[in-house]
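One structure is given below, encoded as structure tokens.
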Amino acid sequence: MSFWNFLGEFALFNMISNWFSGKPKPQKQPCQPFHDYTHDAEYETRIEELQREIEHSQTKKAEYRRIIDSERVYGIDDADADELQDRIDQLEEQLDSCDLMSDRYDRIQDEIDRLQDRLDDMEDRQETYDDLQDELDELEDLYEDLDEMYSDQDEDW
């Protein structure tokens, strides 16, 4: 009898004895499904960072919205600037017809200076308003990007 015959007979004997012995078959360990949650500290930390960024951008958005709304209350619009510029032009025409050394010339020049300062302030506020509006738009875009990233990461897990 050769070694291979002995090995084959032993395997056949083992199989038949297991079949008739009634022993339960050894169970294989089931594979862990892919959708089971595994704790990932780095992932959790990143999610918390994203949530803080979202909250911060919402806070800044609300602050900029209040500033923009308050600017609207002050009545800054192009019509006021145009009216001021028209008034300055009228005063400059009157200034041309006045004597350089007269009191009237000084009063007109003072009024022109006041109106020009007011016009400059209005333009500065308009630039600030535009800058805030741009910043608000950027924050809204950032918020949307973060929201998409957050929802994409939730779908992945």
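- In this structure, CG in Asp82 is found 9.0 Å from CG in Leu119, a value given to the nearest 0.5 Å.
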Can you list the steps and then say if Glu55 with Arg52 is a salt bridge (charged side-chain N to carboxylate O under 4.0 Å, His left out)?
CA-CA 5 Å; Glu55 291 169 1; Arg52 281 193 300 273; over 6 Å; no
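- Inter-residue side-chain proximity for Tyr105 and Leu95 is flagged as met; some heavy-atom pair is nearer than 4.5 Å.
- A 4.5 Å side-chain heavy-atom check between Asp137 and Glu140 finds at least one atom pair inside the cut-off.
- Side-chain contact between Glu123 and Asp120 is present, with heavy atoms from C-beta onward closer than 4.5 Å.
- To the nearest 0.5 angstrom, Met122 atom CE is 5.5 Å from Leu84 atom CG.
- Side-chain contact check for Asp130 versus Gln133: every heavy-atom pair is 4.5 Å or farther apart.
- Between the side chains of Asn5 and Glu9, not a single donor N or O lies within less than 3.5 Å of an accepting N or O.
- Interatomic distance, CD of Glu135 versus OG1 of Thr128, reported as 13.0 Å (0.5 Å rounding).
- Note that CG of Asp110 is 11.0 Å distant from CG of Leu91, once rounded to the nearest 0.5 Å.
- Each of Gln94, Glu93, Gln90, Glu92 was checked for a side chain to side chain contact (heavy atoms under 4.5 Å, CB included) with Ile108, and the lone residue meeting it is Gln94.
- Gln85 and Asp89 are linked by a side-chain donor-acceptor pair at a separation below 3.5 angstrom, with hydrogens and angles left out of the test.
- Listed by chain and number, the residues in a salt bridge (Lys or Arg N to Asp or Glu O under 4.0 Å) with Glu111 are Arg87 (sequence neighbours excluded).
- With rounding to the nearest 0.5 Å, the separation of OG in Ser97 from CZ in Arg104 is 5.5 Å.
- With rounding to the nearest 0.5 angstrom, the CD atom of Glu49 is 7.0 Å from the OG1 atom of Thr45.
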